[in-house]
Colleague: 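Questions regarding the structure given below will be posed in turn.
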Amino acid sequence: MHVVRPLIFVWAALMSLLALTIAASFALTGPLSLVTSMGVATVKAVLVYWFFMHLREEGGLIRLAAIAGIAWLMIFFFLALADYATRSSS
Amino acid sequence: MTSDHMVDAASHPAQPGIAETAEERVSYLRAGHTLGSWLFTSDHKRIAILYFISVTFFFFVGGAAATLMRADLLTPQADLLSDEGYNRAFTLHGVIMVWFFLIPSIPNTFGNFLVPLMIGARDLAFPRLNLLSWYIYMLGGLFTIYVLIAGGVDTGWTFYTPLSSMFANGNVVLAATAVFIVGFSSILTGLNFIVTIHKLRAPGMTWGRLPLFIWSLYATSLILVLATPILSVTLALIAAERLFGIGVFNPSLGGDPLLYQHLFWFYSHPAVYIMVLPALGVVSELVAAAARKPVFGYQFVAGSSIAIAAIGFLVWGHHMFVAGQSAYASAIFSFLSLAVAVPSGIKVYNWTATLYKGQISLDPPFLFAMSFIGLFVVGGLTGVILAMLAVDVHVHDTYFVVAHFHYIMVGGTVSAYFGALHYWWPKIIGRRYSLAWGRLSAALIFLGFNLTFFPQFLLGYLGMPRRYHVYPPEFQVLHVLSTAGASILGVAYLLPFTYLFYSMRYGKPAGANPWEATGLEWSIPSPPPKHNFAERPTVTRAPYDYTIEYEESDD
């Protein structure tokens with residue numbers, strides 16, 4: 001049971017964060033809504049990585065490999081946005 | 001011929017050539033003679049041979065497409081291929097050469113063969129995954145051959161949208177599926193190498209003692225694992241748009257055509273480094289063995305491989321300078337593209353410094369390494385020219401770009417591939433080949449290559465666009481020169497296969513270490529026994545610790 005209990009807590013946390021996302025989509029508009037939903041999504045992703053994907057139990061090398069995946073995605077977003085955010089509309 | 005030889009020949013009339021050696025009898029080559037023993041093997045050395053046969057086959061299929069194009073370009077008119085036929089020829093040339101030859105070429109043949117031997121392991125970490133990777137490659141290859149027979153595809157190897165998603169009539173989805181499939185083969189190989197290099201190094205084989213070929217394969221594997229999934233997803237998105245009308249790249253469905261180019265080049269520019277990094281590793285080995293000296297600045301040569309792999313991910317936008325990307329992004333990508341020249345420069349300078357006062361032997365592997373260095377420098381420097389925004393606008397999509405990347409990918413990688421073949425052939429097969437023929441083919445490849453591609457720099461600068469087969473008559477002289485060079489190059493690429501295959505039967509036994517090189521792979525018999533090392537080696541020395549055999553001169 002002591003193995004399952006944290007998983008149930010994490011699941012419950014994910015569900016409440018989901019509820020928060022849905023609530024925010026009704027309550028907030030504009031940039032604030034975007035920031036909130038991205039923030040909540042990040043927290044959810046961290047929970048999944050840490051508990052469901054067992055990074056909590058792994059050593060530095062495996063954690064580094066997992067972080068590399070995210071880091072490379074960020075490289076793509078960051079440099080692609082350097083184009084999209086500054087492209088002229090004409 | 002002496003009477004002994006005559007008696008010998010008479011008593012074995014069915015077996016001319018040099019008899020099987022004791023090493024060969026217990027080698028991996030003789031460990032099972034059936035087709036099944038090859039097709040279901042999990043021995044990294046046999047899988048390397050399977051890959052060698054398959055990538056060589058695709059090299060000549062891709063070469064045949066290039067031959068058609070060069071023949072068609074002899075005259076300014078379209079006299080051999082239709083417009084559509086020409087489009088299909090260069091697309092198949094690109095698709096086959098990039099994904100079915102260049103990317104798997106050095107890692108999957110020499111990498112597979114040498115990674116366990118160089119680090120003192122019995123096999124790769126996942127031997128069966130290694131075999132699966134070859135089967136996936138072959139499945140992708142079969143799809144490609146089907147596309148070839150079914151009439152081809154005409155989008156160019158880049159599958160740019162909206163051409164590929166909305167307008168092209170060829171077998172776009174099938175060709176993309178072939179590339180999608182072969183991508184998984186790359187990912188599995190990369191994963192296998194990373195785990196092997198981390199976990200299976202022999203005692204004493206520290207990171208600071210790894211051969212530079214292993215460092216470069218490690219960097220290559222990182223790119224394979226990090227970049228290839230992006231290509232898979234991108235091709236799947238094309239299929240989704242073409243088959244189900246989901247708007248990703250099509251503006252009328254709310255998509256953005258440039259998004260495709262961002263995604264594609266986020267994979268495909270690092271893929272250039274997948275093709276060239278293993279070649280850089282090969283050249284480090286060949287230069288050290290030829291100069292009989294430690295590689296100058298080992299840490300920097302090793303570190304520059306990792307730097308190239310990392311910075312190589314930050315430069316993709318230089319393919320999009322004239323595509324409608326924002327000027328701000330172009331400026332960033334231009335700067336980052338110049339930065340990637342730094343680690344490449346470190347390598348070239350360090351090889352040169354390694355050769356300084358070395359006792360150089362002009363054997364075929366070294367000649368290939370030297371032609372690599374020369375061609376890589378020309379390809380690299382023209383890359384720096386192309387990274388300049390203003391110059392790129394002038395020569396974008398011209399033959400200048402074609403010449404530039406062929407200097408890197410063909411002049412560089414293919415020269416290193418043949419250099420590796422000539423260096424490790426005695427280890428792989430256990431026989432010596434004719435050094436004179438080896439030198440001749442190295443020289444012919446270098447000459448044929450330059451005659452083919454140097455005129456293309458001029459053509460491009462004068463304004464000849466790529467992917468056209470009808471051109472103004474004033475370009476004909478340069479095109480004829482290029483086609484003449486391609487004819488020499490074609491023969492020169494076939495030549496090694498004659499004397500190397502001849503050596504399998506008639507070559508003298510190579511012995512364990514014919515080049516008197518350092519490295520664990522030279523410490524075991526040639527060809528290697530099935531299980532590589534009789535007992536696990538322990539490494540106590542730095543890499544490339546050649547003893548000083550000659551007194552230094554006074555100068």
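Each chain gets a letter, A, B and so on, in the order the sequences are listed, and its residues count up from 1.
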Colleague: Here's a test for you: under side chain to side chain contact (heavy atoms under 4.5 Å, CB included), which of B:Leu129, B:Asn130, B:Asp123, B:Leu124 qualifies with B:Phe126?
Modeller: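 Testing each of B:Leu129, B:Asn130, B:Asp123, B:Leu124 against B:Phe126, the sole residue satisfying side chain to side chain contact (heavy atoms under 4.5 Å, CB included) is B:Leu129.
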
Colleague: Are B:Asp392 and B:His318 close enough, and set up right, to give a side chain to side chain donor-acceptor pair (under 3.5 Å), and what steps lead you there?
Modeller: CA-CA 9 Å; B:Asp392 186 73; B:His318 66 220; over 6 Å; no

Colleague: Report which part of B:Phe266 has an atom under 4.5 Å of a heavy atom belonging to chain A: side chain, backbone, both, or neither.
Modeller: side chain

Colleague: Go through the atoms of B:Leu222 and report whether side chain, backbone, both or neither lie under 4.5 Å from a heavy atom of chain A.
Modeller: neither

Colleague: Report which part of A:Tyr84 has an atom under 4.5 Å of a heavy atom belonging to chain B: side chain, backbone, both, or neither.
Modeller: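 It is the side chain, since no backbone atom gets that close.
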
Colleague: Among B:Leu314, B:Ile230, B:Ile332, which residue forms the greatest number of heavy-atom pairs with chain A at distances under 4.5 Å?
Modeller: B:Leu314

Colleague: So which part of A:Leu61 gets closer than 4.5 Å to some heavy atom of chain B, the side chain, the backbone, both or neither?
Modeller: side chain

Colleague: Below 4.5 Å, heavy atoms only, C-beta onward: do B:Pro251 and B:Asp256 meet side chain to side chain?
Modeller: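 Heavy-atom side-chain distance check fails, nothing below 4.5 Å.
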
Colleague: Could you check whether B:Tyr218 and B:His198 have their ring centres less than 6.0 Å apart?
Modeller: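 Yes: the rings meet the under 6.0 Å criterion.
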
Colleague: When only pairs under 4.5 Å are counted, which of B:Pro229, B:Ser326, B:Ala329 shares the most heavy-atom pairs with chain A?
Modeller: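 Top count of heavy-atom pairs under 4.5 Å with chain A: B:Ser326.
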
Colleague: Relative to the ring of B:Phe264, is the ring of B:Tyr260 parallel (under 30°), tilted (30 to 60°) or perpendicular (over 60°)?
Modeller: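 Taking B:Phe264 first and then B:Tyr260, their aromatic rings lie parallel (interplane angle under 30°).
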
Colleague: Let's go through A:Trp11 and A:Phe52 carefully: what are the C-alpha distance in whole Å and the side-chain angles of both, what is the deciding distance for ring-ring contact (aromatic ring centres under 6.0 Å, His included) to 0.1 Å, and is it a yes or a no?
Modeller: CA-CA 9 Å; A:Trp11 179 76; A:Phe52 288 175; 9.4 Å; no

Colleague: Checking B:Ile194 against chain A: side chain, backbone, both or neither under 4.5 Å from a heavy atom?
Modeller: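 Neither part.
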
